[in-house]
Structures are given as C-alpha cells and as structure tokens.
Asker: 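Let me give you the structure first, and then I'll get to my questions.
Counting starts at 1 for both ligands and their atoms, in listed order.
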Amino acid sequence: MIKKCMFPVAGYGTRFLPATKSMPKEMLPVVNKPLVQYGVEEALDADLTEICLVTGRGKRAINDFFDISFELEHQIAGTDKEPYLASIRDVIARGKFATTRQSEMKGLGHAILTGELLVGNEPFGVVLADDLCVCEEQGVMAQLVEIYRRTKCSVIAIEEVDEAEVSKFGVIAGVEEEPGLYAVTDMVEKPEAKDAPSNLAIIGRYVLTPYIFEILRHTPPGKNGEVQLTDALLTMAKTSKVLAYKFKGRRFDCGSVDGYVEATNYVYKNIYLQDKFS
Ligand code: G1P
C-alpha cells in the first residue's frame, strides 16, 4: 500500500518574479485555488493521504495553508461566505501533513533525498505542483499507483512533446510492453533536440520505490550542477526496472507564464464555471 506523497516545494519560481519574491510559487492561484492544492487533491484522490512537503526558506505560507485558520473560520462561520472554504476544509480533513526543509537548492534529486526523513522505507508518490494535470476520470497519480500495484516497479508519467520542446524535460527511451507502458532503457535530463533519445517527456508525477534514496546518495551532480532525479532513475532502470506511462489526461506547465495562463483559462471555463453554476 502506498500512503505517502512527496511534494518538493522549495524552488524559487524565478520565472514568476516579482510575484514570487515573497510568496511561494506553489501558492500562485489558478482561478481560486493555489497550484499546490490541485496537486494535493490529486494525491488524496489516489488515496495517498500522508502529504510530505519538502519546503525551504520563504515557504511558510504553504504550511499555514494546510492548517486551520481559526480567525478566518470564526469570521466566516454561519455566513454566506462559508462555501468558499469548503474545498480546503475537505483537503485538511482528508490529509495528514508533515514538513521538512531543504536548506540548499541542489536539485530535484537532492530535494527527494531530503524528504527521505518523512517517507522512510516505503514506496511513495511524487508530485511537482508546477505541472497541473486535468483528467477525465482518474487523476494521473491514481493511474500511476494502479500500475505500481500491479508491477511493484517505480513508474513515471510521460507525454509526447514537440521536438523543439524536449530540452525543457527529462526524456526517456523505452520498450513498449503494453499500450502506453514502457520499460525504460535510457533517460536524459533536458537534452538538446539532437541528443534526445525520443520525444517522450517526463512530467512531474512519479511513484518511486525507496531504493531511489540509496541511489540518490551516490548520484553526483549532473545537468546544471544539480543532483538530478532523472540520473538516479536511469541507474535504477539499469539495475532493476523503471516503467514510464503515457498518462491519460492533459498537463499544463504552470512553471511557465504561457502554461499558467493557458491552465487558468482552461480551469476557469471547464471546471470553475461548471462547478459554480451547475
Ligand atoms: C523536472 C525534472 C524533469 C521533468 C520536469 C517535469 O524539471 O527534472 O525531468 O521533465 O520536472 O515538469 P524542472 O521542470 O523542475 O526543471
């Protein structure tokens, strides 16, 4: 059983400066909910109820967000504003939240290793909240958990991207074992188009076995001088098995201004208006 989901949320969000100067990028709202809430809801919907936040300096707003605000509750109780708190009340009731801090920004791999303290020796999910995913039925994390239950292998979510886009992602090569499910044979972090092993890009959803921590401890800094999760996963793929799954749904890159605006328009039209007025 997987119960834990890790959220590395220590990054600076430089692409959204000055908005992110004194506010975590994960708290940027897509319509009326912060990005990190969408990610946590996706984890809870996959029954991953123990939420492990790897935060850093300047991220206190995230901890406060997943705690009750007594003052606000007191002000709003019994008024017609109460429905606005419903979704976050629900998240707080369904999840348990734990935090540790990454004191130096040494890459995603380093962030995951920092979170070992909260996860321990168990398989766990990872959500990068920058990637907002919208699915018709099951969320992406639930799709990955289902594959993990069947295979007991680490699983990463992938999607096809244009060749011009591959340098923004980790990119895999693999052998297709079932429709949309690949056994990974190669992985490169943010390759130039000419060096990319395919156009299958990793998106920010993973289910990992705890063996990843052992590998990360010995993974040297890679692309941009950072400890890359992609490099550690390649080691894992060579010594055991890593699966990559073309998830069903749509992903928005909310780490970029264009993707963020696109997500906002999509959520407003297809989710917010539907819920509000239906
Ligand atoms: C990270 C990973 C990368 C992955 C991407 C998905 O990169 O390192 O492999 O493709 O997330 O969003 P980042 O976007 O944090 O630089």
Side-chain angles (χ1 to χ4, degrees), residues 5-16 20 24-26 28 30 35-36 38-39 42 54-56 59 102 104-115 125-134 140-141 144 154-174 182 184 186-193 195-208 212 215-216 219-237 242-247 249-260 262-263:
C5 192
M6 198 193 289
F7 286 75
V9 290
Y12 293 126
T14 37
R15 277 184 285 180
F16 281 91
T20 48
K25 65 171 172 168
E26 296 79 9
L28 287 170
V30 172
L35 265 173
V36 67
Y38 291 92
E42 188 186 315
V54 180
T55 71
K59 299 281 184 165
Q102 187 186 9
E104 288 177 283
M105 302 303 122
K106 292 185 184 169
L108 178 58
H110 179 259
I112 303 279
L113 189 54
T114 305
V126 176
V127 170
L128 308 184
D130 281 358
D131 282 334
L132 192 155
C133 296
V134 186
V140 186
M141 190 46 74
L144 297 189
S154 292
V155 199
I156 60 188
I158 51 168
E159 70 175 1
E160 280 184 43
V161 297
D162 292 340
E163 209 182 285
E165 301 272 292
V166 288
S167 62
K168 296 184 187 162
F169 299 94
V171 179
I172 71 133
Y182 298 76
V184 172
D186 197 11
M187 283 178 108
V188 190
E189 181 66 12
K190 306 200 175 86
E192 286 184 32
D195 303 323
S198 75
N199 68 338
L200 297 173
I202 302 168
I203 68 139
R205 299 291 185 277
Y206 309 75
V207 169
L208 302 174
I212 198 71
I215 300 174
L216 280 167
T219 302
K223 187 91 185 181
N224 302 328
E226 296 180 338
V227 179
Q228 296 294 349
L229 179 60
T230 302
D231 295 344
L233 280 167
L234 178 59
T235 305
M236 188 186 261
V242 173
L243 295 168
Y245 179 62
K246 255 193 212 171
F247 73 99
R250 186 160 172 196
R251 161 198 173 270
F252 296 93
D253 172 17
C254 292
S256 77
V257 171
D258 290 349
Y260 176 77
E262 209 187 321

Asker: Looking at residues at least two apart in the chain, or sitting in another chain, which of them share a side-chain hydrogen bond (donor to acceptor under 3.5 Å, both in side chains) with Glu160?
Answerer: Lys246

Asker: Give the atom numbers and elements of ligand 1 that come within less than 4.0 Å of a heavy atom of Gly170.
Answerer: 3 (C), 4 (C), 9 (O), 10 (O)

Asker: Tell me whether Arg205 contacts the main-chain N or O of Val126 through its side chain, where contact means a donor paired with an acceptor under 3.5 Å.
Answerer: no

Asker: I need the nearest protein heavy-atom contact for atom 9 (O) of ligand 1: residue, atom name and distance, please.
Answerer: Glu189 OE1, 2.7 Å

Asker: For Ile202, which part has a heavy atom under 4.0 Å from ligand 1: side chain, backbone, both, or neither?
Answerer: both

Asker: Nearest protein heavy atom to atom 12 (O) of ligand 1, by residue and atom, and its distance?
Answerer: Asp131 OD2, 2.8 Å

Asker: Within the side chain of Tyr182, is there an N or O that forms a donor-acceptor pair under 3.5 Å with the backbone of Leu200?
Answerer: no

Asker: When you measure from the side chain of Thr219 to the backbone of Ala232, do you find a donor-acceptor pair of N or O atoms at a distance under 3.5 Å?
Answerer: no

Asker: Does Tyr12 have more than 12 heavy atoms from other residues, nucleotides or ligands lying within 6.0 Å of its OH?
Answerer: no

Asker: Could you tell me whether atom 15 (O) of ligand 1 has at least one protein heavy atom nearer than 4.0 Å?
Answerer: no

Asker: Any non-hydrogen atom of Thr230 lying under 4.0 Å from ligand 1?
Answerer: yes

Asker: Check each heavy atom of Leu229 against ligand 1 and say whether those closer than 4.0 Å belong to the side chain, the backbone, both or neither.
Answerer: neither

Asker: When rounded to the nearest 0.5 angstrom, what distance separates CD1 in Ile202 from OG1 in Thr230?
Answerer: 4.0 Å

Asker: Would you find a donor on one side and an acceptor on the other, under 3.5 Å apart, between the side chain of Lys59 and the backbone of Gly11?
Answerer: yes

Asker: Sequence neighbours excluded, which residues qualify as salt bridge (charged side-chain N to carboxylate O under 4.0 Å, His left out) partners of Asp131?
Answerer: Arg251

Asker: Which atoms from ligand 1 have a heavy atom of Phe169 less than 4.0 Å away?
Answerer: 10 (O)

Asker: Quick one: does Ala201 get a heavy atom under 4.0 Å from ligand 1?
Answerer: no

Asker: With a cut-off of 4.0 Å, which atoms of ligand 1 are near a heavy atom of Gly204?
Answerer: 6 (C)

Asker: Got the closest protein heavy atom to atom 1 (C) of ligand 1, with its distance?
Answerer: Leu128 CD1, 3.9 Å

Asker: Please state which part of Lys190 comes within less than 4.0 Å of ligand 1, counting heavy atoms only: side chain, backbone, both or neither.
Answerer: side chain

